[in-house]
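Okay, structure first, notes after.
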Amino acid sequence: MKITGITSHVLQYDLPEPLGYSQQYYSTRSAHLVRVETDAGLTGWGECFGPGTVAIANKAIVERVIQPMVLGMPALDRDVIWHKVYNLLRDHGQKGMPMQALSGVDIALWDIAGKAAGLPVHKLIGGAHRSDVPVYGYGMMLRDEPVAELACRFEDEAAAIREMGFAATKMKVGFGPKPDVELASAVRRGVGEDFPFMVDANHCYTTSDAFHVGRALEELDAYWFEEPVAPEDHDGYRELRAGLSINISGGEAEFGRWGWRRILENRGLDIAQPEVCALGGITEYLRVLALCHAHFTPVVNHVWGSAIAVATNLQLLAAMPPLPGGLHPWEPMLEFDTTDNRFRDDLLLQPLDIQGQVRARAGRVAIPDRPGLGVEPDPDFIRHYEIT
């Protein structure tokens, strides 16, 4: 079974209202899907991390750079393909967009392998440690409005996410230390004293400002403080972890086992957050997961994108060993964006219905057990939203 073609599909639509995080506001939702075809008639689907114009640039890498390297190669030779592409692209970037593009292709190859074997991806990895996983709902995105008004909005939105049945919630910050503490206090009021909430800074603080916010978050009993400083600032992460009791999380902006080795050896994370659609796909994710667990660092995957990304992460969470083990081991969660996302809710022929499962299953969702990723996108939907 050989690869006969690789196609990128970049999808986009206008959001009902602009949303933001500490780095920018955005008014469109996008997704970058990858389709790999074979001479056996099997088709695999993957997804590349990266919105908007980044997705358009990655489409060129997938179709014009990676596709010529792998056409005619056996579709089941995932590791051989991974290393061929990585080695040929190494001189042009061991991180960033080449790895994002490779990720989408690699995930699609795993989807094909599962379909060829008649098994879900988690069975190919080694089996399911769990049949369902808890889900946390993130929301509370930034808006260009006065902080006092936004705090009221955050309080109501946080309460609504808890009411939806999610096991925990996560908010964004990025206006500065004092207003961000005000926003976090509003979220705590919204969810009550006994509900876990997390705070995502998207690396907007200096180390000193991160200490200021982190100490306030400790008083609010937040569960983790995500990407408090720039991903390059390994010393800052180590200092924050040593000086704060709140869990320090991060890693979504890291690529490949070599970058992850530096992070983990630096001992700057309480919780690792690898992004499978960016770091090199499932093939490389499994190596990164092994590194994290070798350093006894728990993993909660970063999840952003369409239903393909969600399905991929459900397969990985099923196959993730408990850490460190025992009657009541630490367990991972699925990250779920509660804001408007048609590419998550309406893309599939058989929707995952995460929100419905969360309501019906006390905050948990089942792992898809159909072959491959366990999902199939609707071609008519793709044609409707494709922009290039």
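Only heavy atoms go into these numbers, but all of them, side chains included; no hydrogens, no water, no symmetry mates. Please read these numbers as outputs of a predicted model, since none were measured by experiment.
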N/O donor-acceptor pair under 3.5 Å between [X] side chain and [Y] backbone:
X: N313; Y: V303; result: no
X: Q273; Y: G251; result: no
X: Y13; Y: T28; result: no
X: Q357; Y: A366; result: yes
X: Q67; Y: I6; result: yes
X: Q315; Y: H122; result: yes
X: E218; Y: S245; result: yes
X: T297; Y: H293; result: no
X: E284; Y: R257; result: yes
X: K172; Y: L142; result: no

Identify, with sequence neighbours excluded, every residue that meets salt bridge (Lys or Arg N to Asp or Glu O under 4.0 Å) alongside [X].
X: E239; answer: none
X: D270; answer: R241
X: D180; answer: none
X: D337; answer: R29

Kindly give the heavy-atom pair with the smallest separation between [X] and [Y], and that separation in Å.
X: P377; Y: I308; answer: CD-CD1, 4.3 Å
X: L109; Y: A75; answer: CD2-O, 3.6 Å
X: D14; Y: R342; answer: O-NH2, 4.4 Å
X: A31; Y: F343; answer: CB-CD1, 3.8 Å

Query - Ring center gap for Y86 and W258 short of 6.0 angstrom - result: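 Between Y86 and W258, the centre distance is under 6.0 Å.
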Report task. May I ask you to check whether Y136 and F336 place their ring centres under 6.0 Å from each other? Result ->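 No: the rings miss the under 6.0 Å criterion.
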Query - Residues that R359 engages under side-chain contact (heavy atoms from CB on, under 4.5 Å), provided they are two or more places apart - result: Q355
**Report entry** Sequence-distant partners of D221, side-chain contact (heavy atoms from CB on, under 4.5 Å), two or more places apart
**Finding:** R188
Requested in this report: Apply side-chain contact (heavy atoms from CB on, under 4.5 Å) to D111 and V36, showing your working.
Outcome: CA-CA 9 Å; D111 190 30; V36 176; over 6 Å; no
Query raised in the report: If you measure from the Lys or Arg side-chain nitrogens to the Asp or Glu carboxylate oxygens, is any gap between R143 and E149 under 4.0 Å?
Result: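 A salt bridge is absent here (no side-chain N lies under 4.0 Å from a carboxylate O).
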Query raised in the report: With clusters built from Ile, Leu, Val, Met, Phe, Trp and Tyr whose side-chain heavy atoms come within less than 4.5 Å, directly or transitively, what are the remaining members of the cluster of L323, listed by chain and number?
Result: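 The other cluster members (ILVMFWY side chains, heavy atoms under 4.5 Å, direct or chained) are F296.
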Query raised in the report: Going through the checks in order, is the salt bridge (charged side-chain N to carboxylate O under 4.0 Å, His left out) test met by E63 and K59?
Result: CA-CA 6 Å; E63 294 184 343; K59 174 183 172 69; 3.0 Å; yes
Report task. Determine, for Y138 and K170, whether the Lys NZ or Arg CZ falls below 6.0 Å from the six-membered ring centre while staying within 45 degrees of the axis. Result ->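 Checked: cation-pi criterion met.
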Only distances under 3.5 Å count here; give the side-chain donor-acceptor pairs of residues 158-167 to other protein atoms, sequence neighbours excluded, each with its distance to 0.1 Å.
from	atom 1	to	atom 2	distance (Å)
R162	NH1	V191	O	2.3
R162	NH1	D194	OD1	3.0
R162	NH2	D194	OD1	3.3

Requested in this report: Taking the side chain as every heavy atom from C-beta outward, state whether W304 and E335 have any pair of such atoms under 4.5 Å apart.
Outcome: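 W304 vs E335: side chains apart.
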Query raised in the report: Side-chain contact, heavy-atom cut-off 4.5 Å: V276 with N301?
Result: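 Side chain of V276 against side chain of N301, heavy atoms only: no contact under 4.5 Å found.
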Looking only at the side chains, is there a donor atom on one of [X] and [Y] sitting less than 3.5 Å from an acceptor on the other?
X: N58; Y: Q100; result: yes
X: E37; Y: T43; result: no
X: T283; Y: D106; result: yes
X: S22; Y: H203; result: no

Query - Pairs touching residues 125-137 that satisfy salt bridge (Lys or Arg N to Asp or Glu O under 4.0 Å), sequence neighbours left out - result: R130-E331, D132-R361, D132-R364
Query - Pairs satisfying salt bridge (Lys or Arg N to Asp or Glu O under 4.0 Å), at least one member in residues 77-93, at least two apart - result: D79-R287
Please tabulate, for the side chains in residues 367-376, all donor-acceptor contacts under 3.5 angstrom to protein atoms that are two or more places apart in sequence or on a different chain.
from	atom 1	to	atom 2	distance (Å)
R370	NE	G374	O	3.1
R370	NH2	G374	O	2.6
E376	OE2	K115	NZ	2.4

Please tabulate, for the side chains in residues 259-267, all donor-acceptor contacts under 3.5 angstrom to protein atoms that are two or more places apart in sequence or on a different chain.
from	atom 1	to	atom 2	distance (Å)
N266	OD1	R238	NH1	2.4
N266	ND2	H234	O	2.7
R267	NH1	H295	O	2.9

Requested in this report: Kindly compute the distance separating CD (E47) from OG (S103), expressed to the nearest 0.5 Å.
Outcome: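 Here the interatomic distance stands at 10.5 Å.
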